[in-house]
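Structure, as structure tokens:
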Amino acid sequence: MDVRARVEELRRQVSYYAYRYYVLDDPAIPDAAYDALFSELERLEAEHPDLVTPDSPTRRVGGPPLDRFAKVRHAAPILSLANATSAGEVRDWWKRASKFLPGDAPPPEFVVEPKIDGLTVVLTYEDGTFVLGATRGDGEIGEDITANLRTVQAVPLRIPLLPDDGLAAPRRLVVRGEAFMPNDKFRALNRLLAERGEKTFANPRNAAAGGLRQLDPVASRSRYLSLYCYAIVAQDGGTRTETQWELLAYLRRLGFLTPPDSAHIDSLDAAIAYGEEWMRRRDSLNYEADGVVIKLNHLATAQAMGFVGKDPRSAVAFKFPAREATTRLLRIGINVGRTGTLNPYAELEPVQLGGVTIERATLHNFDDLARKDIREGDVVVVQRAGDVIPYVVGPVLELRLPGAQPYQVPAECPVCHQPVRRNEGEVAVYCVNSACPAQLVRLVEHFVSRGAMDIEGFGTNTGALLVEKGLLKDVADIYYLRPEQLLQLEGFKDKKVGNLMAGIAASKERPLARVLAALGIRGVGSVVAQLLADAFGSIDALMAAREEDLQNVEGIGPEISRSIVEYFSIEGNRQVIEKLRRAGVRLAQERRAAEAQAAPAPLNGKTFVITGTLPTLSREEAKTLIEQHGGKVTDSVSRKTDYLVVGEAAGSKLDKARALGVPTLDEAQLRALLGVPS
DNA sequence: CCGCCTCGAGTTCT
DNA sequence: CTCGAGGCGG
């Protein structure tokens, strides 16, 4: 590949998108896509120094000031910050930085502030009067936006804003802050713009930039803006503060807003923990932020530690792992589910996201794919939903290759090549061939899985192999496998075959509800299967049931009834049941008398939800423990939930429980409630 | 008919 | 974990 051509292409693209972003406030591509282009250019230039030119966009920091605003030279250069993307990197930063601590420095303390995503501005006051407001610009020269900032409520026009006895205004004060648009204001503004048929903003940051850079301050959208101040750039007279924490308090007394959710903390580990805790809460906050800033509290010490380039040694930006990245979609593949649904997925050029390498992502269904107009070969934006499962947000249209074709929904199943069906009004596309090997593989996988027949020694690979070799034509064939057949297969020796046969034999004793769930009847999972087992007691009674009989069961409606009757009306399915019966699989409800009366039920009727990882109990163990005491465990938090059991790395359920005022328990409290010692 | 509460189904990576 | 949709109660 021709590196020189690539570098030139990247420069053209980066310059154009930077212009759209910085000058027009109208980004043409997502931030993550821009970042990807920029860092590729940086990397290539680092590897090939001979290709670097003075006019490369990497040689310029920030955007060019607009011509229409007057230019302003800053009193002191506006600094940047070193970045850390993990707790380990923060510790590394401090290990390096602390070598520069002066000998007489007090024990280190820190201030943690959110790193708000807005526009850095510099405000100048003379004899208590606001005289100049400027953008950051390139760090040395910014733009005069005094008129617009004047209309922002959070900018005090005089300091002290309120009478404060004994507090005199400094003769001259230059403070630095971040102008931003709170999330609620951003949504309100976009609603308004949409109503008027005007263009909406992509995110609060761009909206804030748009507000501040409007030429006519009266029409300015600055009433939607706010501003937090957090640093003094220059000061002449007034009160001197020794620490950052005191400085924030002093700014507040003068009438400035300071960053919310900030903390004064006496050890680095606690500061890191605070930052991590804060990151978990960030979705519930009213501002956008991409991390926290950890600063050394003692100002004179911070000053003495000096700089690395433009970055002060005494502070670090502790940023989130990116939640968004761009990469190329190599191919759109199709999975066949156990119910026959065809599900598209994306094969991606591997990309780092939130600390892991992503190379595949679900595309949900064909409607979704068409709505987003995702095509093979596109550069796409990938996010991790709920910080776990990656999904494709959409294509970057500006980077689409000329020949890219819209994706066509396949007319036939990619595995068995039978025609597909799509029911009126339904999203799903089905392969209706019940003999489709792909469906059988997934059904076998489901049948042997932990929630169903739970056959030990029988994993995903085993199932796929046995189907491929023709040893399984349906799930009941599992009970007719002979050791001598298995021994012929690659990688199957005495020991493994013995384990597998024992696992299969043991599974014949599973309760009826497990068997019903294992069959894979559409709409019948573990909960519905238990309802059916309790109501009918045996598979024969269930097979004899009519739709009306089924609907009489609490929790079973018309859809599931129809699905069950249809399942048993198919000859092949009835044969599977008979084969299971002949093999000795239990097909009737077992007696559970002892269990039912022995259990004391202090938790009768209470509903529990479990989230995160508990210290000693597995999720399954906690569930049975609660059920043995008469409680019920469900999956989602609602007003009806009595307790949320919280473990390590709890997710969105905890937020929801807090919002609804649902009490939470940790494992120890749960044990206490149940009277079970650890 | 609407709004909740649940359940089922599919999903990724280490 | 999230999404979609079934079931139920108001």
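Side chains included, hydrogens not; waters and symmetry mates left out as well; all remaining heavy atoms used. Being a predicted model, the structure only gives us computed values, none of them experimental. A, B, ... follow the sequence lines: proteins, then strands. Residue 1 opens every chain.
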Identify every side-chain donor-acceptor pair in residues 454-464 of chain A under 3.5 Å, counting partners at least two apart or on other chains, and give the distances.
none

Mind listing the side-chain donor-acceptor pairs of residues 336-349 of chain A below 3.5 Å, one per line with the distance, residues two or more places apart or on another chain?
residue: A:E347; atom: OE1; partner: A:R331; partner atom: NE; Å: 3.4
residue: A:E347; atom: OE2; partner: A:R331; partner atom: NE; Å: 3.4
residue: A:E347; atom: OE2; partner: A:R331; partner atom: NH2; Å: 3.1

- Reckon A:N335 has a side-chain N or O less than 4.0 Å from the OP1 or OP2 of B:dT11?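 Result: yes.
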- Message: Using OP1 and OP2 only, check whether a side-chain N or O of A:R442 sits under 4.0 Å from B:dT11.
- Response: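 For B:dT11, OP1 or OP2 has a side-chain N or O of A:R442 closer than 4.0 Å.
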- Task: Go through the side-chain N and O atoms of A:T607 and A:Y643 and say whether any donor and acceptor fall under 3.5 Å apart.
- Result: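 No.
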- Query: Using a distance-only test with no angle check, is there a side-chain donor-acceptor pair under 3.5 angstrom linking A:Q530 and A:D534?
  - Reply: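 There is such a pair between these side chains.
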Can you tell me how far [atom2] of [N] sits from [atom1] of [X], to the nearest Å?
| X | N | atom1 | atom2 | value |
| --- | --- | --- | --- | --- |
| A:L443 | B:dG10 | CG | P | 11 Å |
| A:E347 | B:dT12 | CD | C1' | 14 Å |
| A:Y391 | B:dT12 | OH | P | 15 Å |
| A:I358 | B:dT14 | CD1 | C1' | 12 Å |
| A:L363 | C:dC3 | CG | P | 15 Å |
| A:R360 | B:dT14 | CZ | C1' | 15 Å |
| A:Y345 | C:dC3 | OH | P | 22 Å |

- Message: Under the rule for salt bridge (charged side-chain N to carboxylate O under 4.0 Å, His left out), what residues qualify as partners of A:D261, not counting sequence neighbours?
- Response: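 A:D261: salt bridge (charged side-chain N to carboxylate O under 4.0 Å, His left out) contacts with A:R281.
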- Of residues 547-556 of chain A, the positions that come close to DNA chain C - non-hydrogen atoms, cut-off under 4.0 Å: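 Going residue by residue through residues 547-556 of chain A, the ones with a heavy atom under 4.0 Å of DNA chain C turn out to be A:E554, A:G555, A:I556.
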- Only pairs at least two apart or in different chains count here, so list each salt bridge (Lys or Arg N to Asp or Glu O under 4.0 Å) that has a residue in residues 507-520 of chain A.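 Counting only pairs at least two positions apart or across chains, the salt bridge (Lys or Arg N to Asp or Glu O under 4.0 Å) contacts touching residues 507-520 of chain A are A:E509-A:R586.
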- Could you tell me which residues satisfy side-chain hydrogen bond (donor to acceptor under 3.5 Å, both in side chains) with A:N499, sequence neighbours excluded, listed by chain and number?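 Partners of A:N499 by the side-chain hydrogen bond (donor to acceptor under 3.5 Å, both in side chains) criterion come out as none, since no residue qualifies.
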- Residues in side-chain hydrogen bond (donor to acceptor under 3.5 Å, both in side chains) contact with A:N433, at least two apart in sequence or another chain: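 So A:N433 forms no side-chain hydrogen bond (donor to acceptor under 3.5 Å, both in side chains) with any residue.
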- Expected string for nucleotides 3-9 of chain B under the B/S/- scheme (protein heavy atoms, under 4.0 Å, primed atoms plus P, OP1, OP2 as sugar-phosphate) is --SBSSS
- What pairs with A:A622 under side-chain contact (heavy atoms from CB on, under 4.5 Å), at least two apart in sequence or on another chain?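 Expected list: A:I610, A:L614, A:L617.
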